[in-house]
Amino acid sequence: MTVWTTTRYAIDLATPRVMGIVNLTPDSFSDGGRHAGTSAALAHCERLLKDGADILDIGGESTRPGSDPVPVDEELARVLPVLRGALALGVPVSVDTVKPEVMRAALETGADIVNDVNGLRRPGAVEAVAAHPSCGICLMHMQGEPKSMQEHPHYDDVVADVARFLAERVATLAEHGVARERLTLDPGVGFGKTAAHNFELLARQRELLALGVPLLAGWSRKSSLGAVTGRPIGQRLAASVAAALAAALQGASVLRVHDVAETVDALKVWRAAGLLPGGTDRGSDLASQSGR
Ligand code: 9MG
């Protein structure tokens with residue numbers, strides 16, 4: 001049985017799990033000020049859970065191509081109030097951040113998972129998660145930084161290069177005493193990659209399973225889907241669901257998505273058809289309290 005060990009939950013990955021995206025950047029929930037923004041964000045968390053999300057991923061800094069970093073204090077002010085509320089909702093809560101200061105504060109508050117698009121490369125990031133006895137970790141591959149990563153992505157062999165990077169990060173964490181059961185690995189769709197790179201990673205995603213760590217994939221609304229469909233970001237629902245299913249078929253254990261209800265329905269159909277691992281019943285088997 002494959003399990004993702006996190007702070008409060010052992011997440012059963014026998015069947016693909018859905019991670020719902022909660023974006024706390026100012027254009028998302030803050031129309032009526034900070035407090036109203038927190039309430040609206042928590043209402044969104046509850047909506048995602050009703051729609052069938054297994055995990056919530058909350059983030060206060062945009063990682064979209066061209067985006068600027070935000071100061072630590074601002075990111076903390078966006079994330080912590082929502083994290084406190086989300087932790088009471090009965091599912092694992094992940095915090096998407098590259099900053100060790102935010103990781104430490106989130107883990108002190110009780111976050112279950114740290115999702116770092118930078119693969120814990122900032123000084124102090126590995127130490128921040130290693131100091132925690134059991135938090136889950138998602139290590140993602142990114143070439144460059146969000147501000148400029150799409151300018152000239154280059155690889156000799158994108159799958160081999162991503163695999164080498166992820167293997168090195170797993171080894172670094174092992175040296176710091178972090179057990180493999182706490183990890184998922186993510187090829188980083190759209191992070192310093194052309195559409196051709198992303199689709200090659202999808203086609204050959206199973207090669208990454210050789211690293212012996214479950215995979216997480218995030219295709220939701222990404223520009224590579226716009227590149228093949230010709231559709232703007234607001235019209236990429238069908239393409240996002242198709243890509244999530246393809247990632248699951250290619251061995252991803254966790255799917256990071258905006259459109260939870262549609263993805264969950266699509267997974268149910270594929271599961272009923274025997275195209276995915278796991279039973280036909282979902283929801284009752286997700287997460288056991290780890291007792292920690
Ligand atoms: C924060 N974020 C945006 N896209 C992502 C992706 O594809 N994977 C992960 N792990 N995080 C992401």
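In each ligand, atom 1 is the first atom listed, and ligand 1 is the first ligand listed.
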Would you mind finding which of Val98, Thr97, Asp96 brings a heavy atom closest to atom 1 (C) of ligand 1?
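Answer by nearest heavy atom: Asp96.
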
Heavy-atom proximity to atom 2 (N) of ligand 1, best of Arg221, Arg256, His141:
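Answer by nearest heavy atom: Arg256.
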
Strictly distance-based, threshold 3.5 Å: is any side-chain N or O of His176 a donor or acceptor partner for the main-chain N or O of Thr172?
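The answer is yes, because a donor-acceptor pair under 3.5 Å joins these two groups.
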
Take atom CZ in Arg204; do more than 12 heavy atoms of anything else shown fall under 6.0 Å from it?
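Check passes, neighbour count above 12.
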
Give yes or no for whether the N/O distance cutoff of 3.5 Å, strictly under, is met between Val189 and ligand 1.
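In this structure, Val189 places no N or O atom under 3.5 Å from an N or O of ligand 1.
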
Min N/O separation Asp57 to ligand 1 under 3.5 Å:
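Between Asp57 and ligand 1, no N or O pair is found under 3.5 Å apart.
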
Describe, in one word, how the ring planes of Phe165 and His141 are oriented to each other, choosing from parallel (under 30°), tilted (30 to 60°) and perpendicular (over 60°).
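Rings of Phe165 and His141: perpendicular, as their planes differ by over 60°.
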
Numbering the atoms of ligand 1 from 1, which are under 4.0 Å from a heavy atom of [X]?
{"X": "Met140", "answer": "6 (C), 8 (N), 9 (C)"}
{"X": "Val117", "answer": "1 (C), 2 (N), 11 (N), 12 (C)"}
{"X": "Gly218", "answer": "7 (O)"}
{"X": "Cys138", "answer": "10 (N)"}
{"X": "Leu216", "answer": "10 (N)"}

Between Asp116 and Arg121, is there a salt bridge with N-O shorter than 4.0 Å?
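Salt bridge: no.
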
Check this for me, if you would: do Glu168 and Arg164 make a salt bridge, where the nitrogen-to-carboxylate-oxygen distance has to be below 4.0 angstrom?
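Not counted as a salt bridge, because no side-chain N and carboxylate O are separated by less than 4.0 Å.
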
4.5 Å side-chain heavy-atom contact, Val102 and Leu76:
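A side-chain contact under 4.5 Å exists here.
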
Is the closest side-chain heavy-atom distance between His197 and Thr194 below 4.5 Å?
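Yes, side chains in contact.
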
For [atom], what's the nearest protein heavy atom and its distance?
{"atom": "atom 11 (N) of ligand 1", "answer": "Asn115 ND2, 3.2 Å"}
{"atom": "atom 8 (N) of ligand 1", "answer": "Asp186 OD2, 2.6 Å"}
{"atom": "atom 7 (O) of ligand 1", "answer": "Lys222 NZ, 2.7 Å"}

Pick one of side chain, backbone, both or neither for how Phe191 approaches ligand 1, counting any non-hydrogen atom pair under 4.0 Å.
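Just the side chain.
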
Show the numbers, then the answer: is there a salt bridge (Lys or Arg N to Asp or Glu O under 4.0 Å) between Arg104 and Glu108?
CA-CA 6 Å; Arg104 280 197 299 272; Glu108 274 162 26; 5.8 Å; no

Do you know the tightest heavy-atom contact between Asp186 and Cys138?
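Closest approach of Asp186 to Cys138, heavy atoms only: CB-SG, 3.8 Å.
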
